[in-house]
Amino acid sequence: MRVLFWGTPEFAIPSLRAVERAGHTIVGVVTQPERPRGRGRKPAPSPVAALAQARSWRVLTPEDPRDGVFMDELGSLDPDISVVVAYGRILSRAVLDVPPLGSINLHASLLPALRGAAPIIWAIARGHAVTGVTVMRMVQEMDAGPVLGTAECPIGPADTGAMLSARLSGMGAAVLAETLARLETGPVPEVQQDHARATFAPKVDRSSARIDWRCGRVEVARLVRAMDDVPGAWTVWRGQPVKLFGALGTEGPGDPGHVVQADPKRGLAVAAGDGVVRIAEVQPPGKRRMEAAAWIRGRGPGVGDRFD
């Protein structure tokens with residue numbers, strides 16, 4: 001098939017490669033325009049754009065995918081189908097209907113659970129035992145289209161957002177490739193979602209990534225693991241934001257937010273609402289991510305200090 005691929009982050013790379021390996025013709029790749037990236041904050045192409053450029057595929061980076069000139073360009077590519085994986089923008093009905101076979105999307109949850117921008121993060125933060133991936137036909141309503149294929153994935157007690165994202169991206173690529181193969185041979189059964197059971201996973205902002213130490217130790221630890229490594233759960237120490245990673249909740253006394261262990265060998269532990277949260281790694285302001293013990297050996301916190 002002639003595939004028009006839409007995607008932006010690293011999560012979409014396995015899917016793009018799976019489409020290529022399956023022998024489909026990639027007529028174009030639509031991705032977000034260059035944005036400031038890395039520590040230097042210099043404009044750079046998205047991970048999907050970088051792969052597409054290396055393969056000499058046509059790359060389109062519209063600021064507005066509803067623009068008339070861009071729409072004309074889409075039509076000139078003559079795609080059979082659009083495949084969307086974490087593109088990062090809502091697509092209009094006119095865009096979705098350009099290919100004769102329509103548009104399908106890979107979503108990182110078991111729909112109708114966790115519709116929205118951050119399903120992986122909220123699956124961990126809310127304590128789900130199982131998540132997965134869904135390939136669906138795209139409709140105008142967000143993540144509400146009929147389902148063409150799914151796969152389940154358990155969430156382990158130590159899983160971070162980065163770890164789960166890596167597993168789901170590979171799993172999703174396989175389901176996507178299998179769905180495209182079925183579409184090549186004829187119509188695929190489409191199962192309507194039960195909209196009454198829908199839950200939502202909104203975009204993560206700075207406020208939702210901030211740690212509230214009054215919450216229980218399990219809830220705090222889940223939030224820290226969920227936000228690893230982007231955007232990073234954070235707290236305030238001595239008036240400066242500090243990101244925390246690799247949390248584990250345990251029993252223990254202490255006032256919420258107070259450091260109860262700051263050992264150069266054993267690391268960092270902070271009291272939560274009903275116990276203690278052990279922190280494996282930190283990222284102080286202006287520094288790279290490091291082991292918590294290394295921070296303590298430097299100019300890090302001591303017992304009795306408080307995180308706000």
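If you read the sequence from its start, that first residue is 1, and numbering goes on from there.
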Decide yes or no for Ser15 and Phe5: does some side-chain heavy atom of the first lie under 4.5 Å from some side-chain heavy atom of the second?
yes
Kindly indicate whether the side chain of Phe11, heavy atoms from C-beta on, has any atom under 4.5 Å from the side chain of Pro47.
no
Worked verdict on Val259 versus Leu268 for side-chain contact (heavy atoms from CB on, under 4.5 Å):
CA-CA 7 Å; Val259 175; Leu268 177 67; 3.8 Å; yes
Just verifying a value: how many Å separate Ile211 CD1 and Phe307 CZ, rounded to the nearest 0.5 Å?
8.5 Å
With a 4.5 Å cut-off on side-chain heavy-atom distances among I, L, V, M, F, W and Y, is there a chain of contacts connecting Val282 to Val276?
no
Using a strict 4.0 Å threshold on nitrogen-to-oxygen distance, state whether Asp64 and Arg66 make a salt bridge.
yes
Side-chain heavy atoms of Ser169 within contact of Ile13, under 4.5 Å:
no
Using the rule that Ile, Leu, Val, Met, Phe, Trp and Tyr join whenever any side-chain heavy atoms are under 4.5 Å apart, tell me whether Val29 and Leu101 fall into a single cluster.
yes
Closest approach of Val260 to Ala271 (non-hydrogen atoms, all atoms of both residues):
CG1-CB, 4.1 Å
With a 4.5 Å cut-off on side-chain heavy-atom distances among I, L, V, M, F, W and Y, is there a chain of contacts connecting Ile124 to Leu248?
no
Atom CD of Glu184 with >12 non-hydrogen neighbours under 6.0 angstrom:
yes
Hey, quick one: are Val188 and Met136 part of the same hydrophobic cluster, counting side-chain heavy atoms closer than 4.5 Å, chains of contacts allowed?
no
Check this for me: Arg35, atom CZ, are more than 12 non-hydrogen atoms of other residues, nucleotides or ligands nearer than 6.0 Å?
yes
Can a salt bridge be assigned to the pair Arg306 and Asp255 using a cut-off of 4.0 Å between side-chain N and carboxylate O?
no
Backbone of Leu148 reached by a side-chain donor or acceptor of Arg182 within 3.5 Å
yes
Minimum heavy-atom separation for Gln140 and Leu96, please, with both atom names.
N-CD1, 4.5 Å
When rounded to the nearest 0.5 Å, the distance separating OG of Ser208 from CZ of Arg210 is 12.5 Å
What's the spacing between Arg55 CZ and Ile26 CD1 if we round to 0.5 Å?
8.5 Å
Would you say that Glu141 contacts Gln193 through its side chain, given a criterion of any heavy-atom pair below 4.5 Å between the two side chains?
no
Within 6.0 Å of CZ in Arg214, more than 12 heavy atoms from elsewhere
no
Closest non-hydrogen atoms of Met142 and Arg115, given as atom of the first, atom of the second and distance, are O-CD, 3.7 Å
Is there side-chain contact between Leu51 and Arg17, with heavy atoms separated by less than 4.5 Å?
yes
Minimum-distance pair of heavy atoms, taken over all atoms of Ala272 and Pro256
O-CG, 3.7 Å
Straight-line distance of Asp80 CG to Leu183 CG, nearest 0.5 Å:
11.0 Å
Please lay out, stage by stage, how Trp57 and Glu20 fare under the test side-chain contact (heavy atoms from CB on, under 4.5 Å).
CA-CA 11 Å; Trp57 293 323; Glu20 178 188 25; 3.7 Å; yes
Is there side-chain contact between Met290 and Pro284, with at least one heavy-atom pair below 4.5 Å?
yes
Ile296 and Trp237: same hydrophobic cluster, using ILVMFWY side-chain contacts below 4.5 Å?
yes
Take atom CZ in Arg93; do more than 12 heavy atoms of anything else shown fall under 6.0 Å from it?
yes
Quick one: do Asp143 and Asn105 satisfy side-chain contact (heavy atoms from CB on, under 4.5 Å)? Show the steps, please.
CA-CA 8 Å; Asp143 299 330; Asn105 172 248; 4.1 Å; yes
Kindly compute the distance separating CZ (Arg217) from CG (Asp274), expressed to the nearest 0.5 Å.
5.0 Å
The reported gap from CZ in Arg126 to CD1 in Ile155 (rounded to nearest 0.5 angstrom) is 11.5 Å
Using side-chain heavy atoms (C-beta onward) and a distance below 4.5 Å, is Arg222 in contact with Cys215?
no
Assess whether side-chain contact (heavy atoms from CB on, under 4.5 Å) is satisfied between Val98 and Met71, documenting all intermediate values.
CA-CA 9 Å; Val98 166; Met71 289 290 295; 4.0 Å; yes
So, do Arg89 and Gln32 sit near enough that their side-chain heavy atoms are less than 4.5 Å apart?
yes
